[in-house]
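One structure is given here, and the rest of the page talks about it.
Keep in mind it's a predicted model, so treat the numbers as computed, not measured.
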Amino acid sequence: MDDETAATTPAQHSADPARTTGPDADGPEPAAPPATEAAVPEPYLTELAPGVRAFIQPDGGWCLNNAGFVTDGDATLVVDTAATERRARLLRRRIAESGAPAPRTLVNTHHHGDHTYGNAVFAPEATVLGHVSCRRELLAAGHQLHAVWPEVKYGDIRLTAPEVTYTDELTLHTGDIEVDLLHPGVAHTTGDTLVWLPRQRVVFAGDLVFHGGTPFILMGSLTGSLRALELLRSLDAVTVVPGHGPVTGPEVYDGIERYLRFVGRLAQEGRAAGRTPLEVAREADLGPFAELAESERLVANLHRAYAELAGAAPGAPLDPIAAFGDMAALNGGVPMACHA
């Protein structure tokens, strides 16, 4: 598959793994994936508008997030990185293969390691930007993915927090392409950023949007996530790049809203009955949401919803050991697998 074909690959198709071979303009060829990773389709580029491409990582499960970049041919801005050094270097190489210059700007949509672990592959040549809380949470969390999935071959991960931060909104210009950074309030995390291209009507939504996967609000807010959907709708985007899953359109918001309201109802009923989040999750009829991947996230989302019903502030720290333990219990007693 040549570069032009890869650039226009529809979001539902994976790129030919053979494209990962060849010279790497940014350093040595990334190490070959371990045998367990080889079964996972390789990331691919898809063109969204002139100068705007998404880097899609199938299957979109745990730690397989999307990224992307914007370029006018003279300057390049990249949105998010990846959970492993190998995948971040692949992203950098795909940018170079597209003909775009090396990024001078990198925006993180939030602090989670799958979106930020690869920052050092682009810095210091690229200035890293993010919400002020993204920087704070990244530094506080440290090597967060290592703590959950210590067996993964992450590579050389040097934590690189945003060095330029904002609070409410910030407008950047990549050549003549306007890029607006918008903070929706506490939603998926306390430091989320929407990357909005108003002229192209493309939004990189980060993990405010999971397409085909279960939303995850353990470190954010249920009510805040619903408010964030209203902000997303107000943008009137034509193209939505989710944090995980294939590129989609604004119709994806409706399903996310229905799921979040479903979680809210379960939490109200379960808490009133004195039942634990795990008890509620085990007995819940997922109905149309059963088709979403990572359904075990329901119990973590209930932990957050219970906390908000008890008066906790959006984004207030919860016990991650309890929540991840309950997810493993809901997952048949088996810890969730990192797909990266």
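Proximity of D80 to N66: side-chain heavy atoms (C-beta onward) are nowhere separated by under 4.5 Å. Contact check for F204 versus L48: side-chain heavy atoms found under the 4.5 Å cut-off. Proximity of L235 to L182: side-chain heavy atoms (C-beta onward) are separated by under 4.5 Å at one or more points. A heavy-atom distance below 4.5 Å is not found between the side chains of M336 and E294. Using a 4.5 Å cut-off on side-chain heavy atoms (C-beta onward), R275 and E283 make contact. Using a 4.5 Å heavy-atom cutoff, the side chains of T127 and R104 are not in contact. The shortest distance between side-chain heavy atoms of R87 and F55 does not fall below 4.5 Å. You'll find the side chain of V247 reaches within 4.5 Å of the side chain of T46, heavy atoms only.
Taken to the nearest 0.5 Å, the CD1 atom of I95 stands 10.5 Å off from the CZ atom of R53. In this structure, the separation between CG on N301 and CG on L260 is 7.5 Å, given to the nearest 0.5 Å. Here N331 contributes atom CG and S295 contributes atom OG; the two are 7.5 Å apart, rounded to the nearest 0.5 Å. Here the NE2 atom belonging to H303 is positioned 4.0 Å from the CG atom belonging to D326, to the nearest 0.5 angstrom. Rounding to the nearest 0.5 Å gives a distance of 8.5 Å between CG of D114 and CD of Q57. Once rounded to the nearest 0.5 Å, the distance linking CZ of R158 with CG of N119 reads 10.5 Å.
A chain of hydrophobic side-chain contacts below 4.5 Å, direct or via other Ile, Leu, Val, Met, Phe, Trp or Tyr residues, connects L330 to F210. Hydrophobic clustering keeps V240 apart from L64 (ILVMFWY residues linked when any side-chain heavy atoms are closer than 4.5 Å, directly or through intermediates). Note on V121 and L138: separate hydrophobic clusters, where clusters join Ile, Leu, Val, Met, Phe, Trp and Tyr whose side-chain heavy atoms are under 4.5 Å apart, directly or indirectly. Both V202 and V70 sit in one connected hydrophobic cluster of ILVMFWY residues. Membership requires side-chain heavy atoms under 4.5 Å apart, directly or through other members. Hydrophobic clustering of Ile, Leu, Val, Met, Phe, Trp and Tyr side chains at less than 4.5 Å, counting indirect connections, keeps V132 apart from V107.
Nearest heavy-atom pair across Y117 and A82 is CB-O, 3.4 Å. Contact detail for Q200 and A49: the closest heavy-atom pair is CG-CB, 3.8 Å. Between V203 and W196, the shortest heavy-atom contact is CB-CE3, 3.9 Å. Annotation for L91 and T81: closest pair CD2-CA, 4.1 Å, computed over non-hydrogen atoms. When all heavy atoms are compared, the tightest approach of L278 to A329 is CD2-CB, 4.1 Å. Residues P250 and V238 approach most closely at CD-O, 3.6 Å, considering heavy atoms.
More than 12 heavy atoms of other residues, nucleotides or ligands lie within 6.0 Å of CZ in R201, so this atom counts as buried by the packing criterion. Within a 6.0 Å radius of CG in D285, other residues, nucleotides and ligands contribute 12 heavy atoms or fewer. A 6.0 Å sphere centred on CD of E163 holds more than 12 heavy atoms belonging to other residues, nucleotides or ligands.
A salt bridge links R233 and E230; the closest N-O separation between the charged side-chain nitrogens and carboxylate oxygens is under 4.0 Å. The pair E42-R94 fails the salt-bridge criterion, with no side-chain N (NZ, NE, NH1 or NH2) lying under 4.0 Å from an Asp/Glu carboxylate O. Note on R265 versus E269: no salt bridge recorded, every NZ/NE/NH1/NH2 to OD/OE distance being 4.0 Å or above.
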Could you walk me through whether T116 and N108 pass the side-chain hydrogen bond (donor to acceptor under 3.5 Å, both in side chains) test, one step at a time? CA-CA 7 Å; T116 61; N108 285 143; 5.6 Å; no

Are T105 and V179 close enough, and set up right, to give a side-chain contact (heavy atoms from CB on, under 4.5 Å), and what steps lead you there? CA-CA 11 Å; T105 308; V179 181; over 6 Å; no

Begin with the C-alpha distance, continue with both residues' side-chain angles, and end with the deciding distance and a verdict on side-chain contact (heavy atoms from CB on, under 4.5 Å) for V263 and L298. CA-CA 7 Å; V263 171; L298 172 61; 3.9 Å; yes

Would L45 and E47 count as a side-chain contact (heavy atoms from CB on, under 4.5 Å) here? Give the steps. CA-CA 7 Å; L45 293 183; E47 186 169 31; over 6 Å; no

Give the intermediate values and the outcome of side-chain hydrogen bond (donor to acceptor under 3.5 Å, both in side chains) for residues H112 and D207. CA-CA 10 Å; H112 288 162; D207 284 0; 4.6 Å; no

Taking it one step at a time, do H111 and C134 satisfy side-chain contact (heavy atoms from CB on, under 4.5 Å)? CA-CA 5 Å; H111 76 279; C134 173; 4.1 Å; yes

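With sequence neighbours left out, R304 forms a salt bridge (charged side-chain N to carboxylate O under 4.0 Å, His left out) with no residue at all.
A donor-acceptor pair under 3.5 Å links the side-chain atoms of E308 to the main chain of L222, judged by distance alone. Under the 3.5 Å distance criterion, the side-chain polar atoms of Y154 are matched with a main-chain donor or acceptor of L145. Here the side chain of R199 pairs a donor or acceptor atom with the backbone of D176 at under 3.5 angstrom.
Between T71 and the options P50, S98, P101, a side chain to side chain contact (heavy atoms under 4.5 Å, CB included) holds for only P101.
Classification of the H183-Y166 ring pair by plane angle, with boundaries at 30° and 60°, yields perpendicular. Between F216 and F324, the ring planes lie perpendicular to each other; the angle is over 60°, past the 30° to 60° tilted range. Classified by interplanar angle (parallel below 30°, tilted 30° to 60°, perpendicular above 60°), the ring pair F289/Y259 is perpendicular.
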